[in-house]
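One structure is given below, encoded as structure tokens.
Letters A, B, ... mirror the listed sequences (proteins, then strands); counts begin at 1. Just so you know, these numbers come straight off a predicted model, no measurement behind them.
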Amino acid sequence: MDYNFREIERKWQARWAADHTFKAVEDPSRPKYYVLDMFPYPSGAGLHVGHPLGYIASDIFSRYKRLKGFNVLHPMGYDAFGLPAEQYAIQTGQHPEKTTTENVARYRRQLDRIGFSYDWSREVRTCDPAYYKWTQWAFLKMFGSYYDLDADKALPIERLIAAFEQNGTEGVRAACGEEMHFTAAEWKAMSPERRSKVLMNWRIAYQGETAVNWCPVLGTVLANDEVKDGLSVRGGHPVEQKMMTQWQLRVSAYAGRLLESLESLDWTDSLKEMQRNWIGRSQGTEVTFEVETDGVKTPVVIFTTRVDTIFGVTFMVLAPESPLTPLLTAKGQKAAVEEYLAYVKKKTERERIAETKTVTGVFSGSYGINPLTGEKVPVWISEYVLAGYGTGAIMAVPAHDSRDYAFARKFGLEIRPIIAGCDVSEASFDAKEGKMCNSGFLDGMDVKDAIEAAKDYVEAKGLGRRKVNYRLRDAIFSRQRYWGEPFPIYYKDGIPTPLPEEALPLTLPEVDEYKPTEAGEPPLARAKDWTYEGWPLETSTMPGFAGSSAYYLRYMDPHNDKALVSPEADAYWRSVDLYIGGTEHATGHLIYSRFWNKFLYDLGYVCEDEPFRKLVNQGMIQGRSNFVYRVVGTNTFVSVGLKDGYKTQEIHVDVNIVRGDRLDLDAFRAWRPEFADAEFILEDGAYICGWAIEKMSKSMFNVVNPDEVCDNYGADTLRLYEMFLGPIEQSKPWDTKGIDGVSRFLRKFWRLFYDGDRFLPEEGEASPAELKALHRLIGKEQEDIEAFSYNTTISAFMIAVSELTELKCCKRAVLEPLVVLLSPFAPHIAEELWHALGHESSVADASFPAYNAAYTVEDKVTYPVSFNGKLRFTVDLPKSMAPAEVEAHVRALEQTARYVGEQHIVKMIVVPGRIVNVVVK
RNA sequence: GCCUUGGUGGUGAAAUGGUAGACACGAGGGACUUAAAAUCCCUUGGCCCGAAACGGCCGUAUGGGUUCGAGUCCCAUCCGAGGCACCA
């Protein structure tokens with residue numbers, strides 16, 4: 001019997017599905033392990049070989065953990081709401097649900113061929129009303145909560161309202177948009193509209209006006225992580241800043257906790273660092289400057305991390321969008337300021353980024369008073385100060401801040417150094433080192449000490465206070481699009497009002513077109529009767545990250561229609577033990593999910609504070625493109641090695657008709673009609689293609705479909721090969737050159753069991769050499785899988801199989817454990833052989849063989865080693881070593897021992913005349 | 001500019017501070033075969049000596065350092081990848 005992978009794989013995939021082999025059931029008597037992949041967006045293009053890289057890695061780990069006795073939860077689903085399906089719908093008029101369903105079916109077919117151990121009974125789709133009911137539910141909970149700074153967690157908004165009724169804002173410490181103060185009497189006197197507006201200042205999900213990223217081409221706002229270099233991540237369309245009223249999530253309230261608990265996570269340092277930067281904690285001071293405008297005084301709070309440089313302040317700067325800007329514009333400067341504001345406003349975000357080096361600004365006509373020196377300094381307005389960070393106003397110290405320096409140089413403002421001996425003739429001196437000067441009471445202090453001393457001073461004198469700022473902004477949560485979750489909000493007398501929980505899910509209505517209305521309203525405004533009890537419903541929808549923020553919780557209890565997840569299921573599965581996915585979600589999904597989870601944790605719906613314990617980032621698989629070279633003006637193609645002799649045109653050729661850079665000539669002629677009569681200039685009888693590493697994409701003809709690899713080599717070979725390619729965290733090009741190696745390995749493995757039709761395994765005792773090969777592999781595999789070093793595990797496998805082949809091993813006692821060891825990597829062939837060995841149940845239910853170190857130790861003899869006439873230590877040497885060699889070794893050891901001195905040498909490995917390994921206790 | 005990474009044969013890559021290049025691909029040579037496929041064996045970092053060797057020298061981006069011993073640790077430099085970027 002030959003290794004017929006097509007038949008074997010088809011057979012076992014059908015069996016696993018029919019037997020529900022991988023169905024996970026809560027079982028408190030067994031330890032759980034939750035392995036999760038980042039669920040895919042089912043695009044129209046289908047899977048390419050890059051997608052399954054992470055899925056294969058997690059599948060191997062799942063199967064391994066299962067063999068180790070864990071009750072493994074390994075689910076899969078689809079992030080099915082999103083822009084591409086909607087753009088397609090706008091173009092074709094097809095309902096996005098239709099294309100999404102088709103794409104999902106195609107993904108599923110492709111995934112099934114690779115033999116994953118998913119529990120498909122737990123599949124979720126974010127666009128399914130039974131699923132998004134819980135996305136809407138969470139939104140309602142956020143709408144109904146505020147963040148209490150004393151409790152340091154989210155609490156029901158009713159508690160805040162009760163506090164307002166008692167004492168107004170007095171004594172309330174809670175995360176909010178702007179500082180607000182009112183008494184209980186004032187609160188009670190407010191109209192319902194006013195109260196609704198005021199509460200928005202505290203709600204965790206709230207409606208508020210902010211500068212948003214508006215993308216005119218997509219007709220929607222975008223979150224910060226959906227914009228890169230001033231262009232939308234999806235589609236690459238220009239994005240501009242615009243003030244708009246939008247739904248937002250108060251993620252900023254969780255900035256401190258998101259930062260702190262990062263420490264406890266088993267994620268890579270680089271990913272944690274990315275999140276740290278994104279959250280951007282900075283410790284500084286808020287200081288109040290009196291600003292005088294046409295004789296009127298206004299207190300202006302500025303934020304700085306360097307109060308110690310306050311004696312070097314020579315001007316102040318306001319953000320153009322700051323609400324203070326009109327207030328602080330003096331009459332005489334009004335025209336100039338307005339002109340500048342108009343100039344800033346018409347710039348797109350992209351232009352703003354492109355021109356960061358151009359310094360612009362305008363004088364406001366006001367003067368601020370330095371609270372420490374009483375000195376008057378001019379107040380300027382410039383776009384280099386951001387309205388959204390700190391207080392939107394700064395004190396400028398050009399001598400010690402490079403941005404202030406550039407501004408001062410441009411507008412001829414004074415540059416006053418306050419650190420002794422620094423040179424500011426060419427650039428600012430930003431370093432926090434040196435001795436203070438020109439700084440009153442700080443003079444002579446070291447800069448590091450001055451920072452603290454200045455903070456203490458400012459606080460003691462009541463001029464300001466210490467303040468921690470975060471860069472992390474609230475997430476804009478509405479999109480003016482069709483294909484997303486509708487908000488469970490209606491407008492009663494114009495007041496945003498939550499739908500009752502019983503009304504969920506609020507399902508997406510049918511519309512005649514998927515475009516915005518003529519009036520510029522979102523597509524949902526086209527829906528007939530989009531109302532609740534006669535009142536209009538919200539017409540925007542939620543963004544992509546809404547549905548993906550808590551999907552890992554839904555897998556724990558996917559069919560529950562009473563709760564997102566039952567307390568029992570949550571208490572059993574708790575959180576994801578291993579999460580595998582790409583780094584591209586570092587500042588999006590992975591922040592939102594953590595926020596969402598912490599919120600649910602605060603309200604007591606989940607028992608773990610963090611969703612993803614361990615996270616592994618798989619690298620990307622790039623494409624390896626191939627080229628042919630057409631001699632210009634002909635239909636003749638010249639092989640790469642000879643192309644320099646001709647004038648040629650480089651043409652991408654489909655990598656699927658190239659093997660090992662050799663072009664399949666007939667397939668090439670059949671590929672395109674215009675190449676049907678192509679002629680070739682060969683080298684060494686073959687046409688060799690050129691190549692380059694590029695992104696895997698249709699237009700480069702370098703997309704390799706996993707289906708084709710499964711057809712030609714089998715799923716087991718695909719799995720093994722993708723893992724053998726290199727460490728999973730690393731990006732690497734897909735190159736089919738090496739695939740024959742693993743394919744050969746599997747056939748060799750098969751031949752340990754079958755010689756033609758003869759089934760070889762037999763009873764009887766295994767030889768020491770055979771056991772040694774087996775146990776070395778067991779030890780190595782355990783160690784490597786835990787470290788996600790799958791490529792070295794596979795190498796160890798190849799060595800073991802070569803050894804056993806050479807030993808002509810046919811002992812069941814060796815071969816049977818070998819099948820179990822292989823099963824996480826190549827489950828189909830393992831299952832087939834496992835059943836051939838007479839087992840009824842799946843190899844997935846076998847247990848991982850126990851490692852016995854005794855078999856791997858070589859025969860050794862212990863020799864005493866002495867120097868200076870005293871016995872110092874012993875050394876193990878192979879039994880087979882000749883006496884003369886032993887003598888040489890012992891002398892070498894003595895020499896080394898002299899260096900090592902009195903320390904005790906535990907182990908030493910020696911080759912003739914040379915010490916190789918000394919282990920010192 | 002800042003942060004995080006990485007730099008090892010023709011290629012993908014291995015190496016708790018201890019014989020660098022395991023394993024695999026490719027290449028070259030050979031066996032089996034009418035032939036091919038499949039399979040198996042040998043060689044394969046560079047240079048040198050030699051009839052042969054279990055011979056010698058040089059090699060992990062570059063330059064220093066720590067160590068009995070450095071691909072691995074420390075410092076500086078160069079190059080690549082990813083992230084952030086007027087965040088005061």
Under 4.0 Å, heavy atoms only, any strand: does A/Ser795 hit a base, just the sugar-phosphate, or nothing? base

Sugar-phosphate, base or nothing in reach of A/Arg473, heavy atoms under 4.0 Å: base

Is the backbone of A/Phe311 close enough, under 3.5 Å, to the side chain of A/Arg416 for a donor and an acceptor to pair up by distance? yes

Could you give the distance separating [M] and [N] at their [atom1] atoms, to the nearest angstrom?
N     : M     : atom1 : answer
B/U67 : B/A52 : P     : 43 Å
B/U62 : B/G7  : C1'   : 11 Å
B/A70 : B/U8  : C1'   : 14 Å
B/G10 : B/C84 : C1'   : 38 Å
B/U44 : B/C48 : P     : 16 Å
B/A53 : B/G18 : C1'   : 26 Å
B/A15 : B/G69 : C1'   : 16 Å
B/G83 : B/G45 : P     : 38 Å

Choose from [options] the nucleotide whose nearest atom is closest to any side-chain atom of [X].
X        : options             : value
A/Ile799 : B/A85, B/A88, B/C23 : B/C23
A/Lys732 : B/A13, B/C84, B/C86 : B/A13
A/Arg751 : B/U39, B/G83, B/A24 : B/U39

Would you please confirm or rule out a distance under 4.0 Å between OP1 or OP2 of [N] and any side-chain N or O of [X]?
X        : N     : value
A/Tyr384 : B/A88 : no
A/Asn791 : B/C23 : no
A/Thr792 : B/C23 : no
A/Arg747 : B/A37 : no

Complementary nucleotide for B/G80 - Watson-Crick or wobble, under 3.5 Å: B/U5

Does B/C57 pair with anything, Watson-Crick or G-U wobble, both distances under 3.5 Å, and if so, with which nucleotide? B/G46

Can you tell whether the side chains of A/Glu783 and A/Lys780 come within less than 4.0 Å, N to carboxylate O? no

Answer yes if the side chains of A/Asn469 and A/Ser282 hold a donor-acceptor pair under 3.5 Å, and no otherwise. no

Does a donor on one side chain and an acceptor on the other come within less than 3.5 Å for A/Tyr340 and A/Thr360? yes

First encountered from the 5' end of RNA chain B, between A/Tyr470 and A/Leu271: A/Leu271

Residue met sooner reading RNA chain B from 5', once A/Lys748 and A/Asp404 are mapped to nucleotides: A/Lys748

Run the side-chain contact (heavy atoms from CB on, under 4.5 Å) test on A/Ser364 and A/Ile381 for me, step by step, so that the C-alpha distance in whole Å, both residues' side-chain angles and the decisive distance to 0.1 Å come before the verdict. CA-CA 6 Å; A/Ser364 71; A/Ile381 296 161; 3.9 Å; yes

In terms of the angle between their ring planes, are A/His585 and A/His589 parallel, tilted or perpendicular, with boundaries placed at 30° and 60°? perpendicular

Should the pair A/Phe797 and A/Phe745 be assigned to parallel (<30°), tilted (30 to 60°) or perpendicular (>60°) ring geometry? perpendicular

Sort me out a list of protein N/O and nucleotides 26-33 of chain B N/O pairs below 3.5 Å, or just none if empty.
none

Run the ring-centre check on A/Tyr721 versus A/Tyr713 and record whether the distance is less than 6.0 Å. no

Using O4'-C1'-N9-C4 for purines and O4'-C1'-N1-C2 for pyrimidines, with syn meaning within 90° of 0, is B/G26 syn or anti? anti

Within residues 721-730 of chain A, those residues having any heavy atom closer than 4.0 Å to RNA chain B are A/Phe724, A/Leu725, A/Pro727, A/Gln730

